[in-house]
Number of protein chains: 2
Amino acid sequence: MGHTHVTTTTSDEGAAVPVTIRDVARASGVHISTVSRTFSAPHLVNPETRVRVLACAEDLGYRPNRAARALITGRTHNIGLIIADIANPFFPPLIKAAESQARHRDYHVFVADTNEDPTAEEELVHALAKQVDGVLLCSPRMSNSLIEQLSREVPLVVVNRQVTGLPCVLMDVGQGARSAIEHLVGLGHRSIALLGGPRSSWTNREMRRAAGAAARAAGAELTVLGPNAPTEVGGSAVAEQVRRSGVSAVLAYNDLMAIGLIEGLDALGVRVPQEVSVVGVDDITLSRLTRPKLTTVATPTGAAGRTAVDMLLQQDIESPRGARGSGAGTALGVRRTTAQVMLQTDLVIRDSTGPGPYARPARPLAAPRGPGPHCPAGPGIPTTATGDAVAS
Amino acid sequence: MGHTHVTTTTSDEGAAVPVTIRDVARASGVHISTVSRTFSAPHLVNPETRVRVLACAEDLGYRPNRAARALITGRTHNIGLIIADIANPFFPPLIKAAESQARHRDYHVFVADTNEDPTAEEELVHALAKQVDGVLLCSPRMSNSLIEQLSREVPLVVVNRQVTGLPCVLMDVGQGARSAIEHLVGLGHRSIALLGGPRSSWTNREMRRAAGAAARAAGAELTVLGPNAPTEVGGSAVAEQVRRSGVSAVLAYNDLMAIGLIEGLDALGVRVPQEVSVVGVDDITLSRLTRPKLTTVATPTGAAGRTAVDMLLQQDIESPRGARGSGAGTALGVRRTTAQVMLQTDLVIRDSTGPGPYARPARPLAAPRGPGPHCPAGPGIPTTATGDAVAS
DNA sequence: TACTTCATTGCAAACCTTTGCAGCACGACG
DNA sequence: CGTCGTGCTGCAAAGGTTTGCAATGAAGTA
C-alpha cells in the first residue's frame, strides 16, 4: 500500500494575492461602499458607475469574501448536512436532492460524515454553527434532548427522527414495515424475524413497533434480532442466528443489511427466497442489481432532501439571526412555527420473497417449499394480509 | 410521492442568542483580549483568571466565532472536498479517510458534489475559497488550465489527475490496466474491449494508453468503446454493443460500469464469465456482493484521501495566507514545492473472469467454453500474465 | 426664485476576534 | 535604592464587508 513514486519539483508560482473591495474601490475611483452596493444592491448605484466598478472587479479578479460578509449580515448562504454514514447508498440521493434544491435558492451545501458517532455529530454541529445558516441532521444518533439543546445554537431540521418542537422530515417506515409483514404473511409466512438496526435510531424503533403490531394482528410470530450495525457486514453477521432461529422470513432494517444477510445465508447454503424470504428497506439502486433482486420498502429520499431544505430555508428566512443592534434578543421570545412532514413509503416486490410454509399452492407446482428462483409473489396469493389468507 | 401528513405547531422557544467574547469578558470582569487568549493562547493567562473565564464561558455557552477568527488569522481550519459524484461508491472510503486524517489535525472537512459537471466544480471552488484553507479536487472534470488558474485563488491538491506545478495524488491505473489485460490474455482472451469512462477523466486516458500498449505487447486486439457515463446504466447501455463486437473479455472504466454491463449482458442472455469475462476498476464493496463476484483492479482510495490531506496541510502550513501587514505579497514570489504521489493498484481476481477461446484446458473439464458458475480462475492458470501462458 | 424630491455617493460604525505593544506590579539582583 | 526581568493584562488596530445616515447635486414644482 506504500506509494510507488514520489516526484518533487519546486516552482516560483505566485502565491494567492487576496484582492479586496478596497482594491476595486481604488481602481475604479469610488468609495468602498459603492463597490459593496454594486454587488449587494445594484439598483442603488448609477448604471455607469456600476459597469465601471464591475469591469475593475473583473479585471482584478475580485470575489466578495463570504466570511466577512457573513460576519455582518448574519447569513452565510451555506447549509450544513450531517450524515451518519456517506458509505450507505441510502444517503447520496438525499444529498443530491438537497444540493440541487439549495442551489436553486442560491445556497451551498456542505456535507459531513459522522461515522455513526453521536459525539462526532455534536462536535460537527458546533463547528458548523457559525459557518452555515442552518443544519440538516439526517438520521441522528444522539439523544433528543441534546438535539433540542443544539437547536438553540443554530437552526436545525431533523430527518428520520421525531423531536417535538423541531421541524422534522419523516418517512413512514411504520406503514412500510406493516406492508412488508402483511406481504410476508400473505405469502404464507408465520414465523418472521426483524433484523434491528442501530439502537438509537428512530426508524429502528418505529419499525419494531409497527412490525410487532402488524404481526400480532396477522397472527404471526415476530422475533427481534439486534441491534446490529446497519451495514452489509452487520447483515451477514446474523445469518447463522437467523438460520438457527428457524424463521422462514426476515424483515431487515435496511437494504444493506438485507443484502449482507442474503450473502451470509448463501454462504451457509440457505437459499433465498426458496428457504428464507428477505425484505429490505430503502430501495437503494443496489437492491436492483443483486441476485435475487431485493423486495424492499422504498423510501422517498429525494423528496426528503428537498423538503428538508425548504423547511430550513423557510424557518431561516423569517428569523434573521445575528441581528444588528445591541444585545436584545432574549426579551422577545421569537414565535416560530415548526412543521413535521411524514412522507409515504411503498413496498416494491421483487425476487427475494417467495411462498412460505403456510402458503396455499397457487398453481399445480411441486412442493409447498416454493417454486423456482426468480418467481415473484404469484398473483394467486392476495397481499391484503389481514390474516384471512392464512387459514391453515 | 406526496406527503401523507403535515402537522404544525407553534411554540415560543427562545431564539438563538448569540453570545460573544464581550459577554464573557463582562461576566468575568476582564478585558476581551484576556478572554481571547484564554482560548487561543492559554499559557499567557493567569491560571486563576483562566478558570474563572472558562467557567463564565461554559456558563453562558460561549463558542468562538470561527468566521470572525478566520477573518483575522487567515485560517479557517476547514478543508473543502470536491467530488464528482457522491453516489459512486468509489468515493466514500476516500472521504472517510480524508475526514479522519483531517480530524487528527484539528481540521474539518466539507464535502460537495458536482454531479460530474465542470461548471459546478468551478463555482464550488469559488464558493469554498474563502471558507476553507484548501481544497481537495477529486477526479476533476474541468481543464488543466482552469485548475491551475483556480489554484491561485486557494491552495489545491488534485486527486486522480496530473497537472504540472500542482500537488497531485494519483493511482497507478496504468499498471492496473496492464495487469488486467495480461490476466485476460493469460486466460486465453485475444479480443478484448475497453469500456471508456468520461472523456475528461485523466484516469480514462491513462487506462486507454496502458491497456492499448499492453494488448499490443501481448498480441491481443483491443477495441475501445466509449466514452460512457461512469455508472451502472452507462455500463448496461453498452451491453448490446459489446455482444455485437464479438469480444470475449471486457475491461471496464470502473466497477459500477462493470456491474451494469454484467447486468445488461445477463438480460441479453450472455453469461459472465462463461461467454464474456469482465474486469472492473476500484474494488468497491459492492464488487464482492454481486454474482458473479467481480474481478477488479483495487485502488487505494483510503490512502489517497489521507495522502491528499497531508499534502494540503503541509503546503498550507508553510505559507500562512492572508498575512498581516499591508498589501505585499506579489513582491516575493513564494517558493513552493509540489510533490506528486503515485499509489499502487492491485488486481483482485474473483469470479467474473474465466478462460477464453484460446485457453489451454487446465484440467479435464467439459468444454473450453468454461466451467460452471462461481468457479474462479482455476489455480492451473498462471496469472503472471507476461504472455507466455498463451502459447496457442 | 425658493422649496421639495430624488438619485447617487461618501462617511463611519459595526460585526467578532486576534495580536503587537505598552503598562503595571512584583520580586530579584547589584 | 535603582534597575531589570517576568508574568499578566489592557489598549487599540486590523481584517473585509454591510448599512444607516448625511451630504451632494440636479431636476421638478409652486
Side-chain angles (χ1 to χ4, degrees), chain A residues 16-26 28-53 57 60-77 129-131 133 320-329, chain B residues 16-26 28-53 57 60 62-77 129-131 133 153 320-329:
Chain A
V17 185
V19 33
T20 80
I21 204 174
R22 283 197 157 66
D23 303 319
V24 180
R26 195 163 24 232
S28 48
V30 297
H31 194 263
I32 58 165
S33 55
T34 302
V35 179
S36 171
R37 278 188 272 258
T38 304
F39 287 95
S40 49
H43 60 280
L44 287 183
V45 37
N46 186 319
E48 286 178 43
T49 321
R50 186 171 16 176
V51 298
R52 186 155 39 94
V53 170
L60 276 57
Y62 167 74
R63 304 229 151 230
N65 182 328
R66 300 176 64 126
R69 178 185 298 199
L71 189 56
I72 188 164
T73 61
R75 346 208 84 265
T76 63
H77 269 241
K130 294 292 194 341
Q131 326 197 40
D133 296 343
R321 334 187 300 116
R324 231 180 145 85
S326 47
Chain B
V17 185
V19 33
T20 80
I21 205 174
R22 282 198 156 64
D23 303 319
V24 180
R26 196 163 24 233
S28 47
V30 297
H31 195 263
I32 58 165
S33 56
T34 304
V35 179
S36 170
R37 278 189 273 257
T38 304
F39 287 96
S40 49
H43 59 279
L44 288 182
V45 38
N46 186 319
E48 287 179 43
T49 321
R50 186 171 19 176
V51 298
R52 188 155 37 95
V53 170
L60 275 57
Y62 167 75
R63 303 229 152 231
N65 182 326
R66 301 177 63 126
R69 178 184 299 197
L71 189 55
I72 188 162
T73 62
R75 348 208 82 265
T76 63
H77 270 240
K130 293 293 192 340
Q131 324 197 42
D133 295 342
E153 197 165 333
R321 334 187 300 113
R324 231 179 146 84
S326 46

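Here is the naming used below: chain letters follow the sequence lines, and residue numbers restart at 1 for every chain. A quick note: this is a predicted structure, and the numbers were derived from the prediction, not measured.
Along DNA chain D, the nucleotide nearest to B:Gly29 and the one nearest to B:Ala68 differ in position, and the one closer to the 5' end is contacted by B:Gly29.
Taking both residues in full, the closest heavy atoms of A:Val19 and A:Asp23 are given as CA-OD2, 3.4 Å, listed atom of the first, atom of the second, then distance. A:Ala68 and B:Leu71 get closest at one heavy-atom pair: CB-CD1, 3.9 Å.
Atom CD of residue A:Gln131 and atom CZ of residue A:Arg66 lie 12.0 Å apart, to the nearest 0.5 angstrom. With values rounded to the nearest 0.5 angstrom, B:Arg69 atom CZ is found 8.0 Å from B:His77 atom NE2. Within the model, atoms CD1 of B:Ile21 and CZ of B:Arg26 stand 12.0 Å from one another, a figure rounded to the nearest 0.5 Å. Here A:Thr20 contributes atom OG1 and A:Arg63 contributes atom CZ; the two are 15.0 Å apart, rounded to the nearest 0.5 Å.
Between the CG atom of A:Leu71 and the P atom of C:dC16 there is a distance of 7 Å, rounded to whole Å. Rounded to whole Å, atom P of C:dA14 lies 18 Å from atom CG of B:Asn65. The CZ atom of B:Arg69 sits 18 Å away from the P atom of D:dG16 (whole-angstrom rounding). Here the C1' atom of nucleotide C:dT18 and the CZ atom of B:Arg66 are 15 Å apart, to the nearest Å. Between the C1' atom of D:dC8 and the CZ atom of B:Arg52 lies a distance of 12 Å, rounded to the nearest Å. Rounded to an integer number of Å, the gap from A:Ile72 CD1 to D:dT18 P is 8 Å. Atom C1' of nucleotide D:dA12 and atom CD1 of B:Ile21 are separated by 14 Å, given to the nearest angstrom.
Near-neighbour residues of DNA chain C inside residues 31-42 of chain A, defined by a heavy atom below 4.0 Å, number-ordered: A:His31, A:Ser33, A:Thr34, A:Arg37. Within a heavy-atom distance below 4.0 Å of DNA chain C, no residue of residues 43-51 of chain B is found.
No donor-acceptor pair closer than 3.5 Å links the side chain of B:Arg75 to the backbone N or O of B:Asp133. Remark: side-chain polar atoms of A:Arg52 are paired, donor with acceptor, to backbone N or O of A:Ser28 under 3.5 angstrom. Checking side-chain atoms of B:Thr38 against main-chain N and O of B:Thr34 turns up a donor-acceptor pair under 3.5 Å.
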